[in-house]
Amino acid sequence: MEEKKITYYLIKGRMLGKREDDKDYLYGEEGWIPDVSMEIMKRLYGFDPSEPEDSPYAVGNTDIMEELEEIGCEKAEKWMAGKLLQGLVRKWKIKFADRKAEWDKNPKWPSKLVETRFYLGGQTWSIGPTDIGLTRDGWDQGFMETIQDEMEADLKKIGATEIASFGFLD
């Protein structure tokens, strides 16, 4: 069985792409999608869309070629993990907003040093109250304690392991 050749790229330092068996893909919130806009191909050949089609300068533009950085699998995994977490944090800010508003009307307890640690994409991560739109205030940290079980469940769904949540009553 022939092994797949996969090359990962960072495009302009903001987008992740890969070339797998001569097909290009971009990484988005839905996972890997075909690179129909040819972001990788354009940069591999230095295609400058501002040049006329018949221009000898339309291909081989080194400035455009430098927008593409070949990276290793490990760096790609870390980048994907970061993007997964960004999406999850956006989801949590919306998901928990109403419950947070209710909590603020009648907070139950203050806490301190609240965080959730886990392993994802080849590295250890830590999420604290300010990462999900709360403050370092003891009451906000108390609220985070009430949602840590749900956060852990969501983290498991995206492949996180070694999940541990912490917090101390103030």
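Count residues from 1 along the sequence.
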Derivation and outcome, side-chain contact (heavy atoms from CB on, under 4.5 Å), residues K78 and K75: CA-CA 5 Å; K78 287 178 182 178; K75 188 171 182 178; 5.7 Å; no
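Criterion: ILVMFWY side-chain heavy atoms under 4.5 Å apart, direct or through other members. Under it, L10 and Y8 are part of a common hydrophobic cluster. At a threshold of 4.5 Å between side-chain heavy atoms, the hydrophobic network of Ile, Leu, Val, Met, Phe, Trp and Tyr places I163 and L120 in one connected group. Each of L44 and Y27 belongs to its own hydrophobic cluster when Ile, Leu, Val, Met, Phe, Trp and Tyr are linked at side-chain heavy-atom distances under 4.5 angstrom. Both V89 and I158 are members of a single hydrophobic cluster when ILVMFWY side chains are connected at heavy-atom separations under 4.5 Å. Placement of M15 and L84 in two distinct hydrophobic clusters is found when ILVMFWY residues are connected by side-chain heavy-atom separations under 4.5 Å, directly or transitively.
To the nearest 0.5 Å, atom CZ of residue F96 and atom CD1 of residue I132 are 7.0 Å apart. Atom CD1 of residue I6 and atom CG of residue D21 lie 7.5 Å apart, to the nearest 0.5 angstrom. To the nearest 0.5 Å, the span separating CG on L16 from CD1 on I11 amounts to 7.5 Å. Here the CE-CD1 distance, from M38 to I40, works out to 11.5 Å after rounding to the nearest 0.5 Å. Rounding to the nearest 0.5 Å gives a distance of 9.0 Å between CD1 of I147 and NZ of K95. Put simply, OG on S165 and CE on M151 are 6.5 Å apart, with the number rounded to the nearest 0.5 Å.
Taking the side chain as every heavy atom from C-beta outward, L68 and E70 never approach each other to under 4.5 Å. When side chains are defined from C-beta on, T116 counts as touching M144, because their heavy atoms get closer than 4.5 Å. The closest side-chain heavy-atom distance from V114 to Q148 is below 4.5 Å. Counting heavy atoms from C-beta outward, L85 and D131 have side chains that stay 4.5 Å or more apart. No side-chain heavy atom of E162 sits under 4.5 Å from any side-chain heavy atom of F118.
With hydrogens and angles disregarded, no donor-acceptor distance shorter than 3.5 Å links the side chain of E115 to the backbone of G128. Between the Q141 side chain and the L113 main chain, a donor and an acceptor come within less than 3.5 Å of each other. Between the side chain of K100 and the main chain of K93, no donor-acceptor pair closer than 3.5 Å is present. Distance alone, capped at 3.5 Å, places no donor-acceptor pair between the W109 side chain and the L169 backbone. The closest donor-acceptor contact from the side chain of W103 to the backbone of W139 lies under 3.5 Å. With K108 contributing its side chain and N106 its backbone, the two residues share a donor-acceptor pair below 3.5 Å.
Within a 6.0 Å radius of CZ in R136, no more than 12 heavy atoms belonging to other residues, nucleotides or ligands are found. Enclosure of atom CD in E74 is not indicated, since only 12 or fewer non-hydrogen atoms of other residues, nucleotides or ligands lie within 6.0 angstrom.
W125 and A81 make their closest contact through CZ2-CB, 3.9 Å (heavy atoms, listed as atom of the first residue, atom of the second, distance). Minimum heavy-atom separation, L26 to S37: CD1-OG, 4.4 Å. Shown here for P52 and A58, the closest heavy-atom pair between the two residues is O-CB, 3.7 Å. In plain terms, the two heavy atoms of P49 and I64 that are nearest each other are CD-CD1, 4.3 Å.
Looking at R43, K42, R14 one by one, the single match for salt bridge (charged side-chain N to carboxylate O under 4.0 Å, His left out) with E67 turns out to be R43.
Between the side chains of W32 and E20, no donor N or O sits under 3.5 Å from an acceptor N or O.
A cation-pi arrangement, defined by a distance under 6.0 Å to the six-membered ring centre and an angle within 45 degrees of its axis, is present between R117 and F166. A cation-pi arrangement is found for K18 relative to Y25, the charged atom lying closer than 6.0 Å to the ring centre and inside a 45° cone about the ring normal.
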